[in-house]
Structure formats: structure tokens, C-alpha cells
**Q** 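Can you read through this structure? Questions will come right after.
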Amino acid sequence: MNFWVRALRHKSFVAGGALVMLLVALALLSFVWTPFPATEIDVPNKLQPPSATHWLGTDSLGRDIVSQLIVGARASIAVGLIAVGIGIAGGVALGLLAAARRGWVEEAVMRLADFGLAFPALLTAIMLGAVYGPGLTTAIVAIGLFNIPEFARITRASANTVWSREFVLAARACGKGATRITLEHVLPNVASVLIVQATVRFAIAILAEAGLSYLGLGAQPPLPSWGRMLNEGQSMMYQAPLLAVWPGLAIVFSVLGLNLLGDGLRDLLDPRLARTR
């Protein structure tokens, strides 16, 4: 209860939480309602300005912008959740293993992480796209693979700090093995760091998906995507400049909300900062 009392007083957490809840609400809403079918083409009504019928206007094919933004939120949420999930599943396990075993195991895991960082999401998406074809699944896998070394390095650094604490030494003295200590003592004490990092990586995943879709390596037509909406709006900048503004604002507010939420969680979950608030 004390956490939520402090959280509601934290401006960054409240503002970020509100923006993230709006993003999630739009994604959920897309499953049951949109003003118009997001992929419905209506060429006679193309490039319409904002009106009572089409609240943010229509694109070059007559598709409703609001409907595309709402459905596009679903793709952004899916990419963020799955890509971050891949990073957590692989990276946390490797980081905990490196901290628990030390020696050559730690060295091997860290060198593997360094090798993984040499292949950014864009390069991985290009390689996977050349083999399996571009698409949302390709983007998710590419971003997820890039998240693994990031989580591995952060987990290993945080876990090494916990392994040097007195309560871990006491657990060792009681005869607990490395696996049990990792699960019962180390993982709970690094969870707060991982939660904050997950919100940051979620925001980066949304940006990465938008960038990949902008380049044609992410979500493919007819699936709406904020990045592809930006790409399509670029060619119409002089005729309908607002086509690029709306998806751009959607990306900005989503990333801003996640970053504010991450900052708030960092302050609230850090025991040193919690005592001063």
C-alpha cells in the first residue's frame, strides 16, 4: 500500500502510467471497434481533411487515419511485449548463469553478449528478411535477439553485486547451492532493475519496429503500422503534411509515456530514493 501511495504522488509515474494505459486501451479497443475498417480503401474520399466523419482525415487510398492509428497500436504493443519477453527470457537466464558460475562461464557469456551487440536489430532484420521475407514476425525476432545481450549484461552486473552481500554469504554458510541462492535471493533482488529496464527496452522496441516498418522490413500491407504510415505520408508531404504528423505523434507519446513510467519506477523501486520521498 505504501508503494501505491508514493506512486500516486510521483508525477513522472502518474504521467507515464496514464500515457501507457491510453496506448494499451487503444490496442484493446481495436479488437472490438474502430470508426471504419482500418484496411478499407475508399479512393473517391482520399486525402480528406479532418472532419466529423473522418476525425483525422484519410490517407492517399481513402483509409481512415484514426482507425489505422488504433489498429497500429496493437502491432506496437505486440512487438514490445514479445521482443522484450524474448530478451528477458534469454538475457536474464544468461546473466544469472554468468554471475553464479563466474570463471570461464562468465567470460563465455559476456563474449557471446558482445558478439550479439555487434548485430543491431536493423542488420538482423535485413538478414532474416533476406531468408524468410520481411514481416512483423521478422521484426519481433530481430528486436528480441538484440535485447538478449542487453538484459544479459545488466542482469550479470546487478547479480554480481547481490552475490557479494552478507545475506548471500549467510545462505552459502547454511549449505544452499548456487541454483537455490540464485532463485531465492539473487533474482528477487535484481527484479526491480529488470522491471525498469523492461520499460526502457519496450520503448526502444516500439521505435525499432516503427523504423523497420518505415524501411519496409516490419509489418506488411494491409496490416496498419505507425512506421509504414510515416513512410506513406512522406510521399504526400506537400499535398497532405498531416499524414506524417499523426503517426509521428503516436510514436512520440508512446515512447514518452514508457520512458516516464520507467523513470518513475526507478525512483519508486530504489530503496535509497524511496526513503527520501
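These numbers come from the heavy atoms of this one structure, side chains and all, not from hydrogens, waters or symmetry mates.
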**Q** I'd like to check V141 versus T138 (side-chain heavy atoms, cut-off strictly below 4.5 Å). Are they in contact?
**A**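 A side-chain contact under 4.5 Å is absent here.
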**Q** Checking T58 side chain against L47 main chain: does a donor-acceptor pair fall under 3.5 Å?
**A**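 Yes: the side chain of T58 pairs with the backbone of L47.
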**Q** Measure the shortest side-chain to side-chain distance between L217 and L122 over non-hydrogen atoms and say whether it is less than 4.5 angstrom.
**A**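 Of all side-chain heavy-atom pairs linking L122 with L217, at least one is under 4.5 Å.
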**Q** Do F13 and R6 have side chains that get closer than 4.5 Å, going by heavy atoms?
**A**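 No - every pair of side-chain heavy atoms lies 4.5 Å or more apart.
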**Q** Looking only at heavy atoms, what is the nearest atom pair of D42 and N45, with distance?
**A**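 For D42 versus N45, the nearest heavy atoms are OD2-ND2, 2.6 Å.
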**Q** Between E106 and R156, is the closest basic N to carboxylate O distance under 4.0 Å?
**A**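 Salt bridge: yes.
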**Q** Is there a donor-acceptor contact under 3.5 Å from the side chain of E232 to the main chain of L230?
**A**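 Pair absent, no side-chain N/O of E232 close to backbone of L230.
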**Q** Flag the pair Q197 / F151 as yes when at least one side-chain heavy-atom distance between them is below 4.5 Å, and no otherwise.
**A**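 Sidechains of F151 and Q197: in contact.
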**Q** Count the heavy atoms belonging to other residues, nucleotides or ligands that lie under 6.0 Å from CZ of F167, then report whether that count exceeds 12.
**A**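 Above 12, so yes.
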**Q** Contact between R63 and F36 at the side-chain level, heavy atoms closer than 4.5 Å - yes or no?
**A**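 A side-chain contact under 4.5 Å is absent here.
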**Q** Test your reading of the model: is there a side-chain donor-acceptor pair from N147 to the backbone of G87, 3.5 Å cut-off?
**A**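 Not confirmed, N147 side chain does not pair with G87 backbone.
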**Q** With a 3.5 Å distance limit and no angle check, can you tell me whether S213 reaches the backbone of E209 through a side-chain donor-acceptor pair?
**A**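 Yes; at least one donor-acceptor contact below 3.5 Å.
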**Q** If I compare all heavy atoms of I251 with all of L207, which pair ends up nearest, and what's the gap?
**A**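 Looking at all heavy atoms of both residues, the shortest contact is CG2-CD2, 3.7 Å.
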**Q** Can a cation-pi geometry be assigned to R74 and F31, taking NZ or CZ under 6.0 Å from the six-membered ring centre and within 45° of the ring axis?
**A**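 That pair qualifies as a cation-pi contact.
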**Q** For the backbone of L69 and the side chain of W226, can you confirm whether one donor and one acceptor N or O come within less than 3.5 Å of each other?
**A**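 Yes, W226 side chain to L69 backbone: donor-acceptor pair under 3.5 Å.
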**Q** Evaluate whether atom NZ of K176 has more than 12 neighbouring non-hydrogen atoms of other residues, nucleotides or ligands under 6.0 angstrom away.
**A**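 Enclosed: over 12 neighbouring heavy atoms sit under 6.0 Å from NZ of K176.
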